[in-house]
Amino acid sequence: MTGLSLGLDLGTSGIRSAVLDADGALLSTARAAYPANSSSRIDAEDWWRGARTCLEVQIAALAEMGIAPSEIRRIGVDGTSGSMVLTDAALAPVSQGLLYNSAGFEAAAQQIAAVAPDPHITRGANSALARALALRAEERDGRARHLLHQADFVAAKLMGQGGYSDHNNALKTGFDPDLGAWPDWLCNLFDGGAILPEALSAGAPAAPVSPDIARSLGLSPETMVHMGTTDSIAAFLASAPLEIGAAVTSLGTTLAVKMLSERRIDAPEIGLYSHRLGAGWLVGGASNSGGGVLRQFFSQAEIEALSAQIDPTVETDLDYYPLPKPGERFPINDPAFPPRLAPRPHNDADFLHGLFDGIARIEARCYDEIGSRGAPPVAALYTAGGGAKNTTWTAIRTRILQMPIKTADHTEACVGTARLIAAYAEREHR
């Protein structure tokens with residue numbers, strides 16, 4: 001494999017890019033912000049404006065290193081799963097951009113419930129498919145030609161053509177990775193499915209950059225745009241090797257676990273599902289527990305000071321299930337599941353100790369649920385996110401999970417996307 005690989009991450013708070021050399025080493029990163037918008041419905045062109053700015057900043061950073069943009073051979077984009085827009089044939093939005101966290105599409109949910117299997121990832125008023133149907137219902141003048149997820153839209157702008165997605169972004173919209181196609185019942189919801197994108201494997205090449213983009217950014221006209229993935233899967237790829245048994249726990253505001261398995265494991269009744277990734281399946285789910293609960297009670301400085309007072313080798317007798325409010329997604333899927341945070345000790349260090357133990361027990365249960373359904377043993381566990389920096393918490397997790405925990409060298413999703421497209425190009429080269 002030759003040339004550079006550029007990964008572009010359309011995160012919730014901004015856009016980031018990373019460039020890897022032909023050996024996979026990180027050369028440079030860049031950041032840009034989205035235009036200010038506080039709504040769950042935005043002008044999708046803002047996604048492209050922010051991405052374009054990030055690319056320009058990244059190319060300028062490479063130029064300072066003496067690297068020409070023409071050395072970039074491939075570009076891939078990851079985005080927040082479930083954010084989407086309808087466009088016309090020329091990629092002009094004909095709807096607002098609808099974000100992944102928008103909800104309340106009851107009419108669309110009823111349409112889905114009438115035809116979708118039960119259980120199924122597309123069911124519910126919060127689902128990605130419900131958002132897609134809501135956008136379709138709002139589009140009145142018949143100009144819609146493409147339903148594009150956030151990453152698809154930016155990739156389409158780079159290529160100058162729409163109509164492509166990837167297996168990972170398309171999964172929650174209803175794409176069937178076993179069939180390698182959109183199921184018939186779903187296509188019927190969209191008058192035959194003409195506006196649905198062709199879903200390629202994550203990392204697969206789609207088309208070269210458009211001549212206009214090549215000229216304006218100084219890219220080679222042969223620079224290939226590859227289909228990307230979701231931001232959470234890209235973060236996994238940044239943190240861990242693409243090997244069966246590799247697992248990543250992300251300890252941010254929430255707790256997310258993912259593990260690469262030889263077999264597909266889906267259990268929507270507990271919030272567990274799988275994405276096709278390479279030759280395997282990335283199995284995982286996300287709990288509402290995590291660092292957000294800690295910050296309800298303590299500042300970061302207090303957490304650090306109190307952690308120093310905790311003996312991580314000792315287990316507390318506090319039986320907590322820490323949640324910021326009622327509702328859990330995985331390993332229990334119950335929108336009314338209550339937090340369990342009592343009794344509270346007088347000593348704040350003891351209380352924090354109980355919270356640490358409780359969240360670690362949830363993490364252990366997540367992996368137990370995955371393993372009980374046929375996943376291989378965890379071969380290597382990596383950790384990412386702000387919570388990974390707390391050595392006391394890591395020691396507690398090591399005790400409860402009964403396995404060593406490695407801190408990831410890289411955690412930025414843009415690095416994972418660059419790795420994804422580089423790995424795909426390497427396989428094709430062979």
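Only a predicted model underlies this, so the values are computations on that prediction, with no experimental measurement involved.
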Checklist entry - Got a sec, which residues hit salt bridge (charged side-chain N to carboxylate O under 4.0 Å, His left out) with Arg31, two or more places apart in sequence or on another chain? => result Glu412

Next on the checklist: Does any part of the side chain of Ile303, heavy atoms only, come nearer than 4.5 Å to the side chain of Ser307, both counted from C-beta?
Outcome noted: yes

Next on the checklist: Is a donor from one side chain sitting under 3.5 angstrom from an acceptor on the other, for Tyr367 and Thr249?
Outcome noted: yes

Checklist entry - Is it true that a side-chain atom of His149 and a backbone atom of Asn169 form a donor plus acceptor pair closer than 3.5 Å? => result yes

Next on the checklist: Between Leu27 and Leu20, does the side-chain contact (heavy atoms from CB on, under 4.5 Å) criterion hold? Intermediate values first, please.
Outcome noted: CA-CA 5 Å; Leu27 284 181; Leu20 306 184; over 6 Å; no

Checklist entry - Are side-chain heavy atoms of Leu355 and Leu341 found at a separation under 4.5 Å? => result yes

Checklist entry - Any idea how His167 and Phe175 line up, ring-wise: parallel (<30°), tilted (30 to 60°), or perpendicular (>60°)? => result tilted

Checklist outcome for this item: Interatomic distance, CG@Leu62 vs CG@Leu4, rounded to 0.5 Å, equals 7.0 Å

Checklist entry - Rounded to the nearest 0.5 Å, what separation is found between the NZ atom of Lys258 and the CG atom of Leu277? => result 10.0 Å

Checklist entry - What distance separates Thr53 OG1 from Gln58 CD, expressed to the nearest 0.5 Å? => result 13.0 Å

Checklist entry - If you look at every heavy atom in Ala380 and Lys406, which pair is closest and at what distance? => result CB-NZ, 4.2 Å

Item to check | Asp334 CG: over 12 foreign heavy atoms closer than 6.0 Å | outcome: yes

Checklist entry - Quick one: does Trp182's side chain have a donor or acceptor within less than 3.5 Å of a partner on Pro197's backbone? => result yes

Checklist entry - Thr417 pairs by side chain to side chain contact (heavy atoms under 4.5 Å, CB included) with which of Thr229, Asp9, Val77? => result Thr229

Checklist entry - Under 3.5 Å, side chain of Asn333 to main-chain N/O of Pro268, donor-acceptor pair present? => result yes

Next on the checklist: Just verifying a value: how many Å separate Arg361 CZ and Leu401 CG, rounded to the nearest 0.5 Å?
Outcome noted: 12.0 Å

Next on the checklist: Taking CD in Glu138 as the centre, count heavy atoms belonging to other residues, nucleotides or ligands within less than 6.0 Å. Is the count above 12?
Outcome noted: yes

Next on the checklist: Evaluate Ile75 against Leu219 for side-chain contact (heavy atoms from CB on, under 4.5 Å), listing each step before the verdict.
Outcome noted: CA-CA 11 Å; Ile75 299 174; Leu219 298 169; 4.0 Å; yes

Checklist entry - Closest approach of Lys172 and Tyr273, non-hydrogen atoms and distance? => result NZ-OH, 2.9 Å

Checklist entry - Counting distance only, does the side-chain N/O of Ser201 pair as donor-acceptor with the main-chain N or O of Ala204 below 3.5 Å? => result no

Next on the checklist: Do Arg263 and Ser274 have side chains that approach each other closer than 4.5 Å (heavy atoms only, starting at C-beta)?
Outcome noted: no

Item to check | Asp46 bridged to Arg49 by N-O distance under 4.0 Å | outcome: yes

Item to check | Donor-acceptor contact below 3.5 Å, side chain Ser17 vs main chain Leu8 | outcome: no

Checklist outcome for this item: residues 145-166 vs salt bridge (charged side-chain N to carboxylate O under 4.0 Å, His left out), sequence neighbours excluded, gives Glu45-Lys157

Next on the checklist: Assess the residue pair Tyr321 and Phe337 against the criterion (ring-ring contact (aromatic ring centres under 6.0 Å, His included)); give the C-alpha distance rounded to whole Å, side-chain angles, the decisive distance to 0.1 Å, and a yes or no.
Outcome noted: CA-CA 10 Å; Tyr321 198 107; Phe337 190 78; 5.0 Å; yes

Next on the checklist: Quick one, Ile42 and Trp47 - any side-chain contact, counting heavy atoms below 4.5 Å?
Outcome noted: yes

Checklist entry - Is a donor on one side and an acceptor on the other found under 3.5 Å between the side chain of Arg123 and the backbone of Ala116? => result yes

Checklist entry - Is there a side-chain contact between Arg73 and Thr223, using heavy atoms and a 4.5 Å cut-off? => result no

Checklist entry - Do Thr383 and Leu251 come close enough that some side-chain heavy atom pair is under 4.5 Å? => result yes

Checklist entry - Side chains of Arg131 and Ser83: donor-acceptor distance under 3.5 Å anywhere? => result no

Checklist entry - Are the side chain of Ser95 and the backbone of Leu86 linked by a donor-acceptor contact shorter than 3.5 Å? => result yes

Item to check | Pair Arg143 + Glu139, salt bridge at N-O below 4.0 Å | outcome: no

Item to check | Under 3.5 Å donor-acceptor, His120 side chain and Thr122 backbone | outcome: yes

Checklist outcome for this item: All heavy atoms of Leu217 vs all of Ile59, minimum pair found to be O-CD1, 3.6 Å

Checklist entry - Can you find a pair of side-chain heavy atoms, one from Pro177 and one from Arg264, that are under 4.5 Å apart? => result yes

Item to check | Candidates Val257, Asp357, Leu255 - the one meeting side chain to side chain contact (heavy atoms under 4.5 Å, CB included) with Ile362 | outcome: Leu255

Next on the checklist: When you measure from the side chain of Glu328 to the backbone of Asn288, do you find a donor-acceptor pair of N or O atoms at a distance under 3.5 Å?
Outcome noted: yes

Checklist outcome for this item: In short, salt bridge (charged side-chain N to carboxylate O under 4.0 Å, His left out) pairs touching residues 185-204 with sequence neighbours left out are Arg136-Asp191

Checklist entry - Looking at OH of Tyr100 and CG of Asp231, how far apart are the two atoms once the value is rounded to the nearest 0.5 Å? => result 8.0 Å

Checklist entry - Between atom CG of Leu237 and atom SG of Cys414, what is the distance when rounded to the nearest 0.5 Å? => result 12.5 Å

Next on the checklist: Using only atom types and a distance under 3.5 Å, with no angle test, would you say the side chain of His226 pairs donor to acceptor with the backbone of Gly203?
Outcome noted: yes

Checklist entry - Side-chain donor-acceptor pair under 3.5 Å between Ser5 and Arg74, yes or no? => result yes

Item to check | Nearest non-hydrogen partners of Leu133 and Ala108, listed with the distance | outcome: CB-CB, 3.8 Å

Next on the checklist: Looking at every heavy atom in both Pro376 and Ser261, which two are closest together, and how far apart are they?
Outcome noted: CD-OG, 3.6 Å

Next on the checklist: Here's a test for you: under ring pair (Phe, Tyr, Trp, His ring centres under 6.0 Å), which of Phe298, Tyr320, Trp393 qualifies with Phe356?
Outcome noted: Trp393

Next on the checklist: The test is side-chain contact (heavy atoms from CB on, under 4.5 Å); show your working for Leu10 and Val154 and say whether it passes.
Outcome noted: CA-CA 9 Å; Leu10 309 175; Val154 170; 3.6 Å; yes

Checklist entry - Are Met84 and Thr173 side-chain neighbours, meaning at least one heavy-atom pair lies under 4.5 Å? => result yes

Item to check | side-chain contact (heavy atoms from CB on, under 4.5 Å) assessment of Ile359 paired with Leu294 | outcome: CA-CA 10 Å; Ile359 298 171; Leu294 305 181; 4.1 Å; yes

Checklist entry - If you look at every heavy atom in Gly280 and Ile244, which pair is closest and at what distance? => result CA-CD1, 4.4 Å

